[in-house]
Asks: 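Just passing along the structure, written as structure tokens.
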Amino acid sequence: MIWYNLMGWIPLWTNVNERNVSKEFLEGLSEVQLQAVVNYNGPTLVIAGAGSGKTRVLTYRIANMLADGVNPHSVLSLTFTNKAAAEMKERIKTVVGEKAKYLWMGTFHSIFARILRAEADKLGYPSTFTIYDTADSRSVLKSIIKEMNLDEQVYKVNEVHSRISLAKNNLVTPAVYANTSSLVTIDAANRRPRIADIYKKYMQKCYLSGAMDFDDLLLNTNVLFRDHPDVLNKYQNIFKYILVDEYQDTNMAQYLIVKKLSEQHGNLCVVGDDAQSIYSFRGAKIENILNFRNDYPNYQLFKLEQNYRSTQTIVNAANSIIAKNSKQIKKKSFSAKDPGERIKVLKAYTDQEEGFLVAGSISDIIYREHREYLDFAILYRTNAQSRIFEDALRKKNIPYKIYGGLSFYQRKEIKDMVAYLRLIINHNDDEAFKRIVNYPARGIGDTTLTHLEQAAVANATNLWTITTQAPLDKVGLKGGAIKKMGEFAQLIQSFQSAIYTESAYDFALMVATQAGIIKDLKEDKTNEGVSRFENLEQLFNGIKEFEENAKESGEPLPITIDRFLENVALLTDADSEKPEDKNKVSLMTVHSAKGLEFKHIFLVGLEENLFPGQMSSQSQDDLEEERRLFYVAVTRAEITATISYAQSRYKWGNITSCVPSRFIKEIDSSYIDWNEDSMFGGSSSSASSGGNSYSTQHFKPKANTISAQRTVAPTPQHHPVSAITEPADMSELEVGMEVEHERFGFGKIEALEGSAPEIKATVAFTVAGTKTLLLKFAKLRIVKR
DNA sequence: CGGCCCCGCGTTTTT
DNA sequence: CGCGGGGCCG
């Protein structure tokens, strides 16, 4: 290992390549950041703790190279999201100017899709191959499982897909799969011995459709480099410098691509944080970063340990969490900021109250600290949790936005339109074919399609070839169906001559019009239909925008539709944030929060079987990943982090009781503030650490949130703790009894259901309204039998 | 062939 | 509880 040269002083003007280039941008970097920026030759590992200025180092490292005269065409920079790539490129541009646009900068998938298109003939693919998204892949698998007459309950599409994806990410071919005992054993144990066969058929079907799925983009790049040394050599020579962001999230296929490409020049720089590896469920190998030292023994190591984002308390608390993990690279993350506030823990009685507390807490901080909505994020483990917080925020008139959920490109109307374009560019694309053959409705039904599919399988070809080349009467179609299929094929073919002569926008508009898509959407006057039409308009705006961007970079005209289509499957709508969404509270999963930061973080649903998730408490490795996820969540916070949990919540329509997450106890208690009920005025001094007394003061009903339509509200009952009658024996309770709840006040039991210990009581409270309570928590005092 | 209803299922997901 | 897919019926 090479120790970097501690010059202590770096001239701001250097004479590399006899060019005087301003390097003022290097000012303001810390010593270790600076060293990681200027030493850009040789294998380099940058361990970048949360908030340590990782992106800054990466962008300045590249900017510095370019300032030294390195050709941008020879720099390959790989990220995991389009957004990260675009942002980085933009930042480099502000430092070194226009030449930044010649950098090879993008996601693994988009960069290698580009290379695969250029080299497609060597793998027997058309350069216009379709990229199948997850939905396409699943649809193909579904038809294969049906075709093989396998039990769809046993061969669940999702699970089969993830097995195949796992195999591809590890470069395991169908033949190898069948001979790999570790894989076969697991499948046998799950009574799914035929996954290897499905896998094989799946690959064939994709190939016959001229399609690659997401995993194929990486797998086939490996195949290309393995089987065509000349091609590998070509790209090895092109890429003199290779940089990889979020290296801890690379899988085997990505790891090997990077390793091979960097063999020639050896200038590989990987940046990452093993503590933030949270995608192993998608095949990411934390070992890639842990073992970098073994792959490149003469590597330089830079550890960015200072956290510039968060308070000391947050950083120290996060460290105390991650210390429980065994697999990690040693580093000590620290903050030089103020100690800051301790991490608050909010204990809620129900999931609804959790939402209520968090929303209340947000408006409280906004008022007290003069913050804006955009300073807040609510982070949860699963998307299903978002609803509660949406409701609570809406009631308080707090604007919010939700990340995740259905992406723009996954909407039906968008997929339909894109499928037309796909089929026109690549006739063999069976998934596109099936999607639109009867959209808009033209009387082609299941029967017809089944005949065609059977013929396609029997002849080892695709639907288009059968439709246009087979005698359709021999395939089993009747006169009417034959005619309709002929018309459909002709429609698709009629666009052929215009593909490369029309601009993308004009072409797409022509297709949408002539195929009857516009008419179909316009006829639907329902709100839903109108919104679908607007979405289609938005797609067209996107196409126009794409065209304008390409024009601006001086590409030859016309900018055609195939160019737009190339990457459409790789797009997510994460990059297109609407301006009106700027100042809003952000709601998202912890996974999607990675890389982001907020002044105030609310980390919710900290309960066993939710966070950590129930599937994760099985194995040590899974638990460690959940812990890293928790670490990622806490380190998003700049100023305060608040944790919340509920003692009962609705799961799939049923109330279930919840146990606080083990992760709360794992935080060093000196960084925790258990005084969970101080926020609405904070007169209370109760609730000692870990105690199970319920907080009451913060639940003062507000006129606009609780419908207090009854008569005079009784003054809230503040019993001294000792005066509370022992919780009534559940068996004593009966419908009609009047009871008192320490928080909700007086009420009458309207119904009892369920069996011990999960008995639920529906109680009509005088003030708080009707609530369904789990008796084991409710501590009801009987007032009148 | 298309629409409607009912049943089953329901971590995380940058690509 | 809320959605999506499959199956059945018109």
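Chain identifiers are assigned alphabetically (A, B, ...) following the order of the sequence lines, protein sequences preceding nucleic acid strands; residue numbering begins at 1 within each chain.
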Asks: Nearest to the side chain of A:Phe281, which nucleotide is it out of B:dT13, B:dT14, C:dC1?
Replies: B:dT13

Asks: A:Tyr279 ring centre to A:Lys594 NZ or CZ under 6.0 Å, with the angle to the axis within 45°?
Replies: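 Here A:Lys594 fails the 6.0 Å and 45° test against A:Tyr279.
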
Asks: Name the closest nucleotide to the A:Asn438 side chain, picking from B:dG10, B:dG2, B:dT13.
Replies: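 Selected nucleotide: B:dG2.
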
Asks: So which nucleotide from B:dT13, C:dG6, C:dG2 ends up closest to the side chain of A:Ser592?
Replies: B:dT13

Asks: Look at A:Lys142 and C:dG6 and indicate whether a side-chain polar atom (N or O) is within less than 4.0 Å of OP1 or OP2.
Replies: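 A:Lys142 to C:dG6 OP1/OP2: side-chain N or O found under 4.0 Å.
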
Asks: Ignoring hydrogens and angles, does a donor from either the side chain of A:Arg381 or the base of B:dT11 sit under 3.5 Å from an acceptor on the other?
Replies: no

Asks: Would you please confirm or rule out a distance under 4.0 Å between OP1 or OP2 of B:dT15 and any side-chain N or O of A:Asn82?
Replies: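 True: A:Asn82 side-chain N/O within range (under 4.0 Å) of B:dT15 OP1/OP2.
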
Asks: Do A:Arg282 side-chain and B:dT12 base share a donor-acceptor contact under 3.5 Å?
Replies: no

Asks: Looking only at side-chain N and O atoms, does A:Asn383 come under 4.0 Å of OP1 or OP2 in B:dT13?
Replies: yes

Asks: For the side chain of A:His591, starting at C-beta, report the closest nucleotide among B:dT13, B:dT14, B:dT11.
Replies: B:dT13

Asks: Between A:Thr134 and B:dT15, does any side-chain N or O lie under 4.0 Å from OP1 or OP2?
Replies: no

Asks: Looking at C:dG6, B:dG10, C:dG2, which one has an atom nearest to any side-chain atom of A:Trp652?
Replies: B:dG10

Asks: Any Lys/Arg nitrogen of A:Lys54 or A:Asp245 sitting under 4.0 Å from an Asp/Glu carboxylate oxygen of the other?
Replies: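 Between A:Asp245 and A:Lys54 there is a salt bridge, with a charged N closer than 4.0 Å to a carboxylate O.
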
Asks: Under 4.0 Å from OP1 or OP2 of B:dC9: is there any side-chain N or O of A:Gln153 that close?
Replies: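 Yes, within the criterion.
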
Asks: Any side-chain N or O of A:Thr589 less than 4.0 Å from the OP1 or OP2 oxygen of B:dT11?
Replies: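 The answer is no; no side-chain N or O of A:Thr589 sits under 4.0 Å from OP1 or OP2.
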
Asks: If you check the A:Leu570 side chain, which of B:dC1, B:dT15, B:dT12 turns out closest?
Replies: B:dT15

Asks: Verify, without hydrogens or angle tests, whether A:Gln254 (side chain) and A:Asn251 (backbone) share a donor-acceptor contact under 3.5 angstrom.
Replies: yes

Asks: Could you check whether A:Arg138 and A:Asn158, counting side-chain N and O atoms only, form a donor-acceptor pair closer than 3.5 Å?
Replies: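 Judged by distance alone, the side chains do pair up.
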
